[in-house]
2 protein chains.
Amino acid sequence: MAKQTAKKADLSTEEKIKDAARKVFTQKGYAATRTRDIAEEAGINLALLNYYFRSKEKLFEIVILEKMQILLGKIGPTIMDERTSIEQKVEQIAEHYIDTLVANPDIPLFVLGEIRNNPDKFANLVRTKTKIVDSAFFKQLAERRPDIDPLHFILNMLGLIIFPFIGKPLLQLITGIKPERAVTLMKERKTWIKTWFLAMLEAN
Amino acid sequence: MAKQTAKKADLSTEEKIKDAARKVFTQKGYAATRTRDIAEEAGINLALLNYYFRSKEKLFEIVILEKMQILLGKIGPTIMDERTSIEQKVEQIAEHYIDTLVANPDIPLFVLGEIRNNPDKFANLVRTKTKIVDSAFFKQLAERRPDIDPLHFILNMLGLIIFPFIGKPLLQLITGIKPERAVTLMKERKTWIKTWFLAMLEAN
DNA sequence: AAATTTTTTAATCATTTGATTAAAATTTTA
DNA sequence: TAAAATTTTAATCAAATGATTAAAAAATTT
């Protein structure tokens, strides 16, 4: 008992496996992940993974549903809110997502990559269909800029927020920027994105 | 001879394999790709893949180097050009990349995903190190907005251009947008991105 | 056209990988 | 504390997968 690997000593076996699965799956993706990697990372016997979760696939589903919830959970309620302005919505979304993604930088590439590899699988899962285009945000944008498809501004906002996290490995490769500097940069963006978004909204 | 699968009838075996490899690797990533998938897509015997390219790994390297060149090749020369303005650079880059990505929409997610899975492997490959931060573009941005790190604007530009292609599977999932509509949307952005970028550059 | 070289195929290998099993160890219940 | 239930382990399986081999087929050279 005195020489557990600290961090995971107190967690239940099931939680140790889930933690390890979260880490390995999000870092490498489903296909590149070996169940043995997860077992080793969790410090447990491989058979336990199947004992608790039946299969790699089942464990994966638990993890990716969590991650999709993190990535998509906040956006729905925020853009549906009739009482907040465009400005407030953008501010809320930018703040929330940058904080979330600084803590979970691997999520976007992970989720988008898995959706690419298996679009059908998530088709039913995202029952948000036609939700965004009926949202208050959408209507507000259309009213402000009747000449531009509101989808453009949705894409702009998400691009400004999410892309830096997706592009970070490349950015580090081509600029040699340090990880801490990258985090600082992301946090700086929290305040700027609202300003930039509003500027784009007025642009001609 | 009269009943080849048309398209590939005239290509050499080597090219048929490369074509198939480009398609399967970029769509599913290295780990999720089976050499048998490539052989089948190419309409050749599996052993031929190894006969011509030695291994899955070797064939993959050929493909990803091509794709990285497509993704990164244009940006270097453009941002280094001392004689063009910020506006011209952004216009050139937006036009070029959106055309390129409409024709090759899978590239960004593919390349960024593989870099994530194997950062070390591409470390030496991207010898652009310290190039961007010494570029004319960087200096011009720093001069125009001394109060904001030029990297922010690089990220903004790339986010506006590239993110829609990375996020397309998700966008289609949550909006039900048709693929053709998505392409139209991307092309519309070609003209707007310069405007939006300049607006962000002036924003306060 | 015979000989040589190149290309292609079918069969097979060795390793990896997800999963199972039966037994051992541990914990909980009675 | 004995019995029962739960958890863990080591060994092993079957299928998938990257790769090789030896022989056949086709193309090229002499």
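Reminder, nothing fancy here: chain letters follow the sequence lines and each chain counts from 1.
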Under 6.0 Å from the CD atom of A/Glu143, do we count more than 12 heavy atoms belonging to anything else shown?
no
When you measure from the side chain of A/Ala47, which nucleotide among D/dA10, C/dG18, C/dA19 comes out closest?
D/dA10
Do A/Thr78 and A/Lys89 have side-chain atoms, one donor and one acceptor, less than 3.5 Å apart?
no
Donor-acceptor pair, A/Tyr97 side chain versus A/Ile75 backbone, under 3.5 Å?
yes
Using the side-chain heavy atoms of A/Thr13, tell me which of these nucleotides is nearest: D/dT8, D/dT20, C/dG18.
D/dT8
In whole angstroms, how far is the C1' atom of D/dG18 from the CZ atom of B/Phe25?
11 Å
Please work out if A/Leu49 contacts a base, only the sugar-phosphate, or nothing of the nucleic acid, heavy-atom cut-off 4.0 Å.
nothing
Protein-nucleotide distance (B/Asp37, atom CG; D/dT17, atom P), rounded to Å
8 Å
Spacing between A/Leu46 atom CG and C/dT16 atom P, to the nearest angstrom:
15 Å
Any strand counts, and the cut-off is 3.5 Å on both contacts for Watson-Crick or G-U wobble. Which nucleotide pairs with D/dT30?
C/dA1
Looking at B/Glu40, I want to see if its CD is surrounded by more than 12 non-hydrogen atoms of other residues, nucleotides or ligands under 6.0 Å.
no
Roughly, in whole Å, what's the span from CG in B/Leu48 to C1' in C/dT9?
8 Å
Rounded distance (Å) that lies between atom C1' of D/dT17 and atom CZ of B/Arg36:
5 Å
Nucleotide C/dA10, atom C1' - distance to CD1 of B/Ile44 in whole Å
14 Å
Looking at D/dA19, C/dG18, C/dT6, which one has an atom nearest to any side-chain atom of A/Lys56?
C/dG18
Choose from C/dA19, D/dT8, D/dA19 the nucleotide whose nearest atom is closest to any side-chain atom of A/Tyr52.
D/dT8
Identified salt bridge (Lys or Arg N to Asp or Glu O under 4.0 Å) counterpart of B/Asp19 within the set B/Arg22, B/Lys23, B/Lys16:
B/Arg22
Give a yes/no on whether any side-chain N or O of A/Thr35 is located under 4.0 angstrom from OP1 or OP2 of C/dG18.
yes
Going by modelled atom types, is there a donor-acceptor pair between the base of C/dG18 and the side chain of A/Arg34 at under 3.5 Å?
no
How many Å lie between OH on B/Tyr51 and P on D/dA25, as a whole number?
17 Å
Expressed in angstrom and rounded to an integer, what is the separation of B/Asn50 atom CG from C/dT7 atom P?
16 Å
